[in-house]
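Following: one structure in structure tokens, then a few remarks.
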Amino acid sequence: MFVNETKNDVETNLSATLHTGGPIMAGACGGFAAFFAVLGAVLLALKADVFFYAFCFAAAALLLIFLFFCYKPVLKAVLKKSLAGKEAAHRFVFREDGFELKSERGEQITAKGTVAYADIMKVVEYSDMWIVYLDRSTVLAVARGGMTQGKAEDLSVLFGVKLGERFVSHVRAR
């Protein structure tokens, strides 16, 4: 049996969002920046009006600036605003047949349930957390640092045994 207590706060949500949506945002911004840079170069080579290629190079630069310097702070501010006063604590109890989840906000229990491993769509392991996909719209972040009973490495082994190919690890073997 493994027990994990994860705080559903801004930092946990930020980390989970960067793991799940970060590569998509990087691909989108990088792809559009590359498109605008190539378009600007083509327009420059064709000796088009300065406005057109300057616009393309500026758009490429702004997209890259947003990606590298603004995306994380903007995302953090949005999460801070959306989670204000809604922070919760999730208690996961992982057993051989599945896991139990109990969510609390203050003294109030907001969710309680049991999930069998067969009902889990996928679990992705990162260095700081596991992302548990129950379905396409229900995702749970389980912090590695939240283990109160058992070891994180042993929980990863349990996920690997119970989920097979539905368990993906992005953690290098130590």
Side-chain angles (χ1 to χ4, degrees), residues 1-29 63 65-174:
M1 179 171 76
F2 302 96
V3 179
N4 181 293
E5 294 182 8
T6 299
K7 291 182 181 177
N8 184 20
D9 57 5
V10 172
E11 292 303 319
T12 302
N13 275 277
L14 178 64
S15 183
T17 303
L18 289 173
H19 286 312
T20 57
I24 295 167
M25 180 60 82
C29 285
L63 281 166
I65 288 169
F66 172 77
L67 180 64
F68 291 114
F69 300 107
C70 301
Y71 175 59
K72 189 174 178 181
V74 167
L75 181 60
K76 188 172 187 173
V78 168
L79 287 170
K80 216 177 259 190
K81 186 175 181 178
S82 67
L83 286 175
K86 298 178 187 172
E87 291 86 1
H90 301 302
R91 185 170 195 272
F92 300 92
V93 178
F94 295 94
R95 294 192 165 83
E96 284 297 316
D97 57 340
F99 70 91
E100 295 174 16
L101 166 67
K102 183 170 91 173
S103 296
E104 296 178 346
R105 187 175 300 133
E107 297 295 318
Q108 180 183 10
I109 296 175
T110 57
K112 192 174 184 179
T114 304
V115 178
Y117 291 116
D119 295 332
I120 295 175
M121 191 171 101
K122 175 172 71 169
V123 173
V124 182
E125 178 184 28
Y126 296 97
S127 61
D128 60 340
M129 68 177 49
W130 297 275
I131 305 289
V132 180
Y133 294 84
L134 299 181
D135 57 43
R136 291 181 56 91
S137 63
T138 308
V139 180
L140 302 169
V142 181
R144 290 178 72 90
M147 296 300 293
T148 59
Q149 186 175 341
K151 293 182 180 179
E153 294 79 17
D154 296 334
L155 181 56
S156 292
V157 170
L158 177 69
F159 282 145
V161 169
K162 295 296 180 180
L163 300 173
E165 291 183 10
R166 294 178 293 147
F167 175 67
V168 179
S169 180
H170 295 287
V171 177
R172 296 179 195 260
R174 295 181 175 114

Not counting sequence neighbours, which residues clear ring pair (Phe, Tyr, Trp, His ring centres under 6.0 Å) with H19? List them please.
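H19 satisfies ring pair (Phe, Tyr, Trp, His ring centres under 6.0 Å) with Y126 only.
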Heavy-atom pair with the smallest gap, counting every atom of [X] and [Y]:
{"X": "M129", "Y": "A141", "value": "SD-CB, 4.1 Å"}
{"X": "L158", "Y": "E96", "value": "CD1-OE2, 4.0 Å"}
{"X": "G85", "Y": "R105", "value": "O-CD, 3.9 Å"}
{"X": "R144", "Y": "S156", "value": "NH1-OG, 3.7 Å"}
{"X": "S169", "Y": "E125", "value": "OG-OE1, 2.6 Å"}

Report the distance from atom [atom1] of [X] to atom [atom2] of [Y], rounding to the nearest 0.5 Å.
{"X": "M121", "Y": "D135", "atom1": "CE", "atom2": "CG", "value": "7.5 Å"}
{"X": "D119", "Y": "L134", "atom1": "CG", "atom2": "CG", "value": "8.5 Å"}
{"X": "K102", "Y": "H90", "atom1": "NZ", "atom2": "NE2", "value": "13.0 Å"}
{"X": "F2", "Y": "K151", "atom1": "CZ", "atom2": "NZ", "value": "10.5 Å"}

When you look at I131 and V139, which way does the side-chain contact (heavy atoms from CB on, under 4.5 Å) test go after all the steps?
CA-CA 7 Å; I131 305 289; V139 180; 3.3 Å; yes
If we ignore hydrogens and angles and just use 3.5 Å, is the side chain of [X] paired with the main-chain N or O of [Y] as donor and acceptor?
{"X": "K162", "Y": "D97", "answer": "no"}
{"X": "N4", "Y": "A143", "answer": "yes"}
{"X": "T6", "Y": "V142", "answer": "no"}
{"X": "T110", "Y": "S103", "answer": "yes"}

Between [X] and [Y], is any pair of side-chain heavy atoms under 4.5 Å apart?
{"X": "L83", "Y": "D9", "result": "no"}
{"X": "L63", "Y": "L67", "result": "no"}
{"X": "Q149", "Y": "M1", "result": "yes"}
{"X": "R91", "Y": "E100", "result": "no"}
{"X": "W130", "Y": "L155", "result": "yes"}
{"X": "I120", "Y": "F167", "result": "no"}
{"X": "K122", "Y": "E165", "result": "no"}

With side-chain contact (heavy atoms from CB on, under 4.5 Å) as the test, would you mind laying out the steps for F94 and D154 before giving the verdict?
CA-CA 11 Å; F94 295 94; D154 296 334; over 6 Å; no
Would you list the pairs meeting side chain to side chain donor-acceptor pair (under 3.5 Å) in which at least one residue belongs to residues 69-86, sequence neighbours left out?
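Qualifying pairs: E11-K76.
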Begin with the C-alpha distance, continue with both residues' side-chain angles, and end with the deciding distance and a verdict on side-chain contact (heavy atoms from CB on, under 4.5 Å) for L140 and F99.
CA-CA 12 Å; L140 302 169; F99 70 91; 4.1 Å; yes
